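See below for the structure under consideration.
This structure is a prediction, so every number in the text was calculated from the model and none was measured. Chain naming here is simple, since letters A, B, ... match the order of the sequence lines and numbering starts at 1 in each.
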Protein chains: 2
Amino acid sequence: MAEPTAGTDRSLTRNQGEVLSALKGADKPLTAYDILGLPKIRKAGLKAPLTIYRALDKLMDQGLVHRIESLNAFVHCDHGPHDHATGFLICSDCGRTLEVHLDDCEDHLAGRAREQGFAVDAVKVEMTGRCPDCAARQAAQAATS
Amino acid sequence: MAEPTAGTDRSLTRNQGEVLSALKGADKPLTAYDILGLPKIRKAGLKAPLTIYRALDKLMDQGLVHRIESLNAFVHCDHGPHDHATGFLICSDCGRTLEVHLDDCEDHLAGRAREQGFAVDAVKVEMTGRCPDCAARQAAQAATS
DNA sequence: GCGGATAATGTTATTATATAACGTTTAAGG
DNA sequence: CCTTAAACGTTATATAATAACATTATCCGC
């Protein structure tokens, strides 16, 4: 029983496929417990937090999923596996995120670290603010008040 | 009773002073529960998690303490209040951190966000790796094995 | 196919991190 | 004083993540 039924990616187990599929279907990051609470996930037989966390760990190993530290949540990576650092724009209003690539800035950041004698393994950037939609809505509300 | 006995900073309440003092005395980030478990803190009468979290919130408002998202831990900011983004180098071996300033890189990062129509409030950068000491120790061990 | 190693899973319990709700006390200013 | 807003105390609870151990599936060489 190695057929992933939920995802299209080969070499994923059923649990991993289900979790990845759940993240793909969401429009914003989900916590492990958000995922656990999804009807589709329950119907698929996943019912323990650990089951979700294990699947997420493997998906992150493969670069298919990223963890948003400041939200304790996880998002599908829609850019395919990549080895350069990623940053996330996190809307504090609607909770959606936008992934940005930091190919050039990564060198700058890591260079700063190396000046201090630090050997960098991973770079994480998270920016909080308002997404275009929410910024526009707030501007409109401010105008009418 | 507004005298901060633990810290030297004015305008801090006693609880805030105790918590800040605890962080100043540590050589690495502490979680709220780490702080709660310190004898000095217990002796000062702080005994509930919420007490610690409330003090931490205020200290962060004032820029005296930073939160390390990927550790769920808090560090004293030894640069004084500053408004430009900070980054942290986090040693995955010894757990110590090093704060770095990102005054120039911040513009680059935030600019990337603005290209997408995103209004940035805060930028957080966390880099994981090995600090100079731990990198040197590992190199020495590799040489003798 | 068989057998053994390795990875993945199931299950239960527990630990770690953070906040809600509510009443009381304290500090600052008129 | 007296009011008001901030800080605090207390208890309970919510949220996030992992430990420990038994079981099952998958891969690979034979």
Side-chain angles (χ1 to χ4, degrees), chain A residues 1-7 9-23 26 28-38 41-62 64-75 92 95 126, chain B residues 1-7 9-20 22-23 28-38 41-62 64-75 92 95 126:
Chain A
M1 195 223 283
E3 321 309 318
T5 53
D9 308 73
R10 297 296 111 186
S11 90
L12 289 184
T13 65
R14 176 177 144 80
N15 284 358
Q16 292 161 18
E18 292 289 350
V19 169
L20 181 57
S21 173
L23 289 175
K28 58 178 179 175
L30 300 179
T31 68
Y33 286 80
D34 286 340
I35 297 170
L36 188 60
L38 295 173
I41 291 290
R42 303 316 289 247
K43 280 178 201 141
L46 286 70
K47 51 187 175 184
L50 193 45
T51 304
I52 308 298
Y53 281 108
R54 287 202 273 227
L56 287 170
D57 282 345
K58 293 300 171 187
L59 291 168
M60 285 191 291
D61 284 349
Q62 299 184 49
L64 298 172
V65 163
H66 294 299
R67 177 187 166 85
I68 313 285
E69 298 292 349
S70 55
L71 298 177
N72 294 328
F74 305 84
V75 281
S92 52
E126 297 183 9
Chain B
M1 196 225 284
E3 320 310 317
T5 53
D9 308 75
R10 296 297 110 185
S11 91
L12 288 185
T13 66
R14 176 176 143 79
N15 283 358
Q16 291 162 18
E18 293 289 348
V19 169
L20 181 58
L23 288 175
K28 58 178 178 174
L30 300 179
T31 68
Y33 285 81
D34 286 340
I35 297 170
L36 188 61
L38 294 172
I41 291 289
R42 303 315 290 247
K43 280 178 201 139
L46 287 69
K47 51 187 174 183
L50 193 45
T51 305
I52 308 298
Y53 281 108
R54 285 201 273 227
L56 287 169
D57 282 345
K58 293 300 170 187
L59 292 168
M60 285 191 291
D61 284 349
Q62 300 184 49
L64 298 171
V65 164
H66 294 297
R67 177 186 167 86
I68 313 285
E69 299 291 349
S70 55
L71 298 177
N72 294 327
F74 305 85
V75 280
S92 51
E126 297 183 10

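Contact annotation for B:Ala48: base contact, defined as any heavy-atom pair under 4.0 Å involving a base atom.
For the pair B:Arg67 and C:dA18, the criterion of a side-chain N or O lying under 4.0 Å from OP1 or OP2 is met. Between B:Arg54 and D:dT10 there is no side-chain N or O to OP1 or OP2 distance below 4.0 Å. Contact between the side-chain N/O atoms of A:Lys47 and the OP1/OP2 oxygens of C:dG10 is not found at any separation under 4.0 Å. Considering only side-chain N and O atoms, A:Thr31 lies nowhere under 4.0 angstrom from the phosphate OP1 or OP2 of D:dT15. Between C:dT9 and A:Thr13, a contact under 4.0 Å exists linking OP1 or OP2 to a side-chain N or O.
Not a single donor-acceptor pair, N or O on each side, falls under 3.5 Å between the base of D:dA14 and the side chain of A:Tyr33.
Taking each heavy atom of B:Ala22 and B:Ile35 in turn, the nearest pair found is CB-CG2, 4.4 Å. Considering every non-hydrogen atom in both A:Leu23 and A:Leu56, the closest pair reads CD1-CD2, 4.0 Å.
Atom CG of B:Asp34 and atom P of C:dT15 are 16 Å apart (whole Å). Atoms CD (B:Gln16) and P (D:dG9) sit 11 Å apart, rounded to a whole Å. One can place CG of A:Leu71 at 18 Å from P of C:dT17, the figure rounded to the nearest angstrom. We find that CG of B:Asp57 is positioned 10 Å from P of C:dA18, with the value rounded to whole Å. For B:Leu36 and C:dA18, the CG to P distance is 13 Å, given to the nearest whole Å. The distance between atom CG of B:Leu30 and atom P of C:dA16, rounded to the nearest whole Å, is 15 Å. Atom pair A:Ile41:CD1 and C:dG10:P shows a separation of 12 Å (rounding to whole Å applied). Atoms CD1 (B:Ile52) and P (C:dA16) sit 16 Å apart, rounded to a whole Å.
The side chain of A:Tyr53 sits closest to D:dA16 out of D:dA16, D:dT10, C:dT12. Among D:dA20, C:dT9, D:dT10, the nucleotide with an atom closest to any side-chain atom of A:Leu50 is D:dA20. Proximity note for B:Thr51 (side chain, C-beta onward) versus C:dT19, D:dT10, D:dA16: the nearest is D:dT10.
For the atom pair CG of A:Leu46 and CD1 of A:Ile41, the computed distance is 5.5 Å after rounding to the nearest 0.5 Å. With rounding to the nearest 0.5 Å, the separation of CG in B:Asn72 from OG1 in B:Thr31 is 8.5 Å.
Nearest-nucleotide mapping onto DNA chain D: of B:Gly45 and B:Asn72, the residue sitting toward the 5' end is B:Gly45.
Side-chain atoms of A:Leu12 and A:Gln62, non-hydrogen and from C-beta on, do get closer than 4.5 Å to each other.
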